[in-house]
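Below is one structure; the comments refer to it alone.
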Amino acid sequence: MKKLKISALAALTSVLLLSGCSGSQSKEELTFKDAFEGKFLMGTALNVEQIAGNEPKAIEIAKKHFNSVVAENCMKMENIHPEEDIFFWDEADAFVEFAEKNNMHIVGHTLVWHSQAAPWIFVNENGEDVSREELIERMKNHIQTIVGRYKGRVDGWDVVNEAIEGDGSWRKSKWYQIIGPEYIELAFQFAQEADPEAELYYNDYGVSGRAKCDGIYDLVRNLLEKGVKVDGIGLQGHLNFDIPLISEMETSIQKLSSLGVNIMITELDMTIVPWPSDEVTAEVSLNYELSKEYDPYSEGLPDSVYQQVMDRYTGFFEMFLKHHEKITRVTFWGVHDGNSWRNDWPIEGRTDFPLLFDRNYQIKEGVDDILEMAKDWEMNQ
Ligand code: G3I
């Protein structure tokens, strides 16, 4: 009788495996990169502590679940080029070496940005703004020294970051004030000269807003018409709990991809804690006082809120899958809730839940449904 049971059980298991209903086993092992294989790359931002090996559990998640990485901070000008004649390569080198060792797609972030620019770049020894020609030379040296160092190693660069305002106009950054609107096409030209094979991206936040999306559309269309190489547009995807609507981001993805460039979701996270203003922004200079009103979940997230989070994330991934021919990559801005910038911005010391791995390095309940949806996407269409 037992023998019969065993043979019946063996037969049943093989049927299940063959028919792919090996859900439970593969469900457990299903990873982001496997589930979205053939759709788009799945990535994460890594910070210097993680790259240095000081958070092995985070690195374990990165290696298991993701096939693309971007440096959260160590390639930004203030860190990598702190003085005119000084480049600090250690952290960026370690980041690129880590990614190469793990066969990961590498994104360089970011070459020209109004924020985290090194203090010396815009001024001469008397503290006055440098001339247009001098700043163009400094920008060229900055871009070509860094892109040149990682030529053939970094797959794509966020060449220009956050140059368009919410109303679609140009941000009047120091780059814009001193060089003028030409600074953007020069930046892409300098990057292409340094590594003609690397993909070159324009990256920004709040792109689900119509006016901002239209401003970016005009910017990139003009660049392309001038023959400037722009391979992709990054929608950062720093979501709030309720805005933008999935349909608003979808409209932007459709409009911008009509330019014939790749679309990437480059800094995905979703803040759950109440927001001190009703604007979708990632402007790092914002800062507000901490108060209980704005930090309601320090003891944990109520199930009802948790379910809303997972439903919203599932909705966004369903939309990304619907447009997977346009989207080449989806990157989370951090590995787990505990290391997210959202805990300290725009109010320092809050407890937020913006990512899909928790502070104990566990994948969150409900994520497997997103992964299953991805794995079975074609089958269900
Ligand atoms: O490394 C120093 C540390 O030595 C010092 O003790 C500490 C105290 O002030 O500061 C540390 O530097 C901080 C750095 O993060 C590393 O943690 C900077 O102050 C802080 O400003 C920096 O914040 C980063 C922010 O960009 C500004 O560069 C966030 O981690 C990073 O997540 C955020 O990322 C940006 C993207 O680059 C562009 N899009 C928006 C996104 C979120 O703002």
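Each ligand, and each atom within it, is numbered from 1 in the order the structure gives.
- On a distance-only criterion, H109 and ligand 1 share at least one N/O pair closer than 3.5 Å.
- By the 3.5 Å distance cut-off applied to N or O atoms, W333 is counted among the residues near ligand 1.
- Taking a 6.0 Å sphere around CD of E84, one finds it holds more than 12 heavy atoms contributed by other residues, nucleotides or ligands.
- Atom 16 (C) of ligand 1 has its nearest heavy-atom neighbour, among N79, D158, N73, D204, in N73.
- Under the rule for a ring pair (Phe, Tyr, Trp, His ring centres under 6.0 Å), the partners of H336 that lie at least two apart in sequence or sit in another chain are Y361.
- In this structure D214 satisfies the side chain to side chain contact (heavy atoms under 4.5 Å, CB included) test together with K255, sequence neighbours excluded.
- Look at H238 and you'll find a heavy atom under 4.0 Å from some atom of ligand 1.
- A ring-centre distance under 6.0 Å is found for F32 and F332.
- Relative orientation of the W157 and Y150 rings is tilted, given thresholds of 30° and 60° on the angle between their planes.
- Proximity of N161 to ligand 1, defined as any heavy-atom pair under 4.0 Å, is confined to the side chain (atoms from C-beta onward).
- Atoms of ligand 1 found under 4.0 Å from any heavy atom of E162 (numbered from 1 in listed order, with element): 38 (C), 39 (N), 40 (C).
- Two rings, from W89 and H81, have their centers 6.0 Å or more apart.
- Not a single N or O atom of W113, backbone or side chain, sits closer than 3.5 Å to an N or O atom of ligand 1.
- By the 3.5 Å distance cut-off applied to N or O atoms, K76 is counted among the residues near ligand 1.
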